[in-house]
Amino acid sequence: DVYFPPCKRYRISAPFVFAGGKFEQKKPSIEVLPDECLFEIFRRLPGGQERSTCACVSKRWLTLVSNIRRDEISDNKNPQASDLEHENTDKRGGVSSEDVDSDVEGDGYLSRSLDGKKATDIRLASIAVGTASRGGLGKLFIRGSKSRHGVTTVGLRAISRGCPSLRVLSLWNLSSVGDEGLCEIANGCHQLEKLDLCHCPPITDKSLLAVAKGCPNLTDLTIEGCANIGNEGLQAIARSCPNLKSVSIKDCPLVGDQGVASLLSSASYSLTKVKLQALNITDVSLAVIGHYGKAVTDLSLTSLPNVSEKGFWVMGNGHGLQKLKSFTVTSCRGATDSGLEAVGKGCPNLKQLCLSKCPFLSDQGLSSLAKAAGSLECLQLEECHRISQFGFFCSLINCGAKLKVISFANCLGIKDLNSGLPPLSPCESLTSLSIHNCPGFGDASLFALGKLCPQLQHVELCGLHGITDAGVLPLLESCEAGLLKVNLSGCVNLSDKVVQTISNLHGWTLELLNLDGCKISDASLVAIAENCQLLTDLDISKCTITDSGIAALAHFNSINLQILSVSGCSMVSDKSLPSLGKLGETLLGLNLQQCKAISSRAVELLTEQLWRCDILF
């Protein structure tokens, strides 16, 4: 007769069960299956989308799916369904959907990049699975970090098995990737064409041996900061990769003459770009380049302490660099007068020459080199302190009728002319002049350049404290073609008169004007606004302009600036906000850094108004 209410059942959310007086976790039935069974299930799924869906379930499933090779995917079908599909295909006169899918998967047009902490094995496995059914992975760039969960052999194995269409692989700063991982890539990605290995210390010659064997289509090879790669690996590449077109080797102490010579001699008719930096090679390597570099068009030699003058001389007299167009030499003590003159004579098609930190190059050597290289179009010198104003003008005169660009930077030996030059024929071909931080360059030199170079379109005179209006004005007045770009940053003795002359004479062509640090005022901005209708890039940083100048610039509707920099202009304040807003109709970039009179609130309002413009503050 006593009423007892029914007991309330406990709600237990799966996967927990009550057994033996306690709750225990219960695995789903499919998780009980061993990896071998799951692997067989996954490889029998009908398409890549289904496998991608399964890979999203758990890391375990992702790892299993990513380890399925393309040739391990089962294509078994129900015979009746298969016959029916072929019958329908024949009636349509087309191809089956499976054929279309297989074609798409093999294209390899997708590109993926992983940086820093995002570079992990799990992400690589996801890439391998996800790209397989969406066109295939063609390019993979990995920039590692010191994270404990960085890329290892496991991640590269997933890529090798799921991405056979990979053509470009770049590995940077991966201390946990060794030979085993790169061997996996070589065994699975036989279409690899470009390999970039930078600062991967565990990788040795064994990796290059595997790449040479498994990737015969390799065309570009870059190795930097890999201390365990030496001659043996490069020799294997030379034997097995006949289509090699570009080689860049930097800071690899085990690489010597044998490895470099093998690459050059084996790919004599295909190798077009060679870059060697900080290697223990000698004159022998340069002799091989000079003899076997028949297809080389771009050659860069940097920091080669064991190469002497003889190496450059032999390279130039080898008569093999007939197609060389661009030659760069940096910090090589063997780059002397006679050595570089021999290179100039032995390279009849040389168009671009860049010489940096060549302490033994003199005026006489530069003049002889300019005479020998008759096809030279671009001459760039940096930190060549034995070059004086005599060498500068001799190179300008002797380079021939094809010289278009001349650039001197940080050449401390250049001093201003003490006397005028004798009558000389003008250099009609020169269109670009760049002088950076050569403190001895003065008004007399600029006056002489004005007579020699009437067709200038690009002028850069940066950090020249010795030039004034008296030297710059004759140069500007002699330019007949109309200047497109003018950079006068750091020339602290130039005034409004120079800007007004530029605006009046070249405003109809001027596109870029940099006046950073010049002594200009609002009058210059008025002249620019009135005459420079094509100007898109204006830098007036650290100038004595005010709000009135900005207002004048915005008053004329004809100017369409895209980049404007007023950094360090202390007299520009919040009053310029309406003017900047009007200019912002065309602006894509605005630099307001170190403008102390502009408040943060004004910048916020300006940012809301100019939503498509990048503002620096």
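Because only heavy atoms are used, hydrogens play no part in the values below, and waters and symmetry mates are left out as well, while side chains stay in.
Checking side-chain atoms of T536 against main-chain N and O of E511 turns up a donor-acceptor pair under 3.5 Å. A distance-only check finds a donor-acceptor pair linking the side chain of S395 to the backbone of G391 [under 3.5 Å]. Side-chain atoms of H506 come within 3.5 Å of backbone atoms of L476 as a donor-acceptor pair (strictly under, hydrogens ignored). At least one donor-acceptor pair under 3.5 Å links the side chain of R123 to the backbone N or O of K118.
Q455 and E480 form a side-chain donor-acceptor contact under 3.5 Å, judged by distance and modelled atom types alone. Side-chain contact of T468 with N493: a donor-acceptor pair under 3.5 Å is absent, judged by distance alone. No side-chain donor from either of T544 and S521 sits under 3.5 Å from a side-chain acceptor of the other. Side-chain contact check for R143 and S113: no donor-acceptor pair (N or O, by modelled atom type) lies under 3.5 Å.
More than 12 non-hydrogen atoms from other residues, nucleotides or ligands lie less than 6.0 angstrom from CD of E530. Shown here is E604, whose CD atom has more than 12 heavy atoms of other residues, nucleotides or ligands within 6.0 Å.
When side chains are defined from C-beta on, L396 counts as touching C453, because their heavy atoms get closer than 4.5 Å. A heavy-atom distance below 4.5 Å is found between the side chains of E477 and L505. In this structure, the side chains of L464 and I435 come closer than 4.5 Å at one or more pairs of heavy atoms. V343 is not listed as a side-chain neighbour of L353, based on a closest heavy-atom distance of 4.5 Å or more.
Taking the six-membered ring where the residue is Trp, F392 and F408 present perpendicular rings, their angle passing 60° and hence far from 30°.
Between K351 and E377 there is a salt bridge, since a side-chain N of the basic residue sits under 4.0 Å from a carboxylate O of the acidic one. Look at D363 and R386 and you find no salt bridge, because none of the NZ, NE, NH1 or NH2 atoms lies under 4.0 Å from a carboxylate O.
Listed by chain and residue number, nothing satisfies the side chain to side chain donor-acceptor pair (under 3.5 Å) test with T272 (two or more places apart in sequence, or in another chain).
I223 CD1 to C252 SG: the interatomic distance, rounded to the nearest 0.5 Å, is 6.0 Å.
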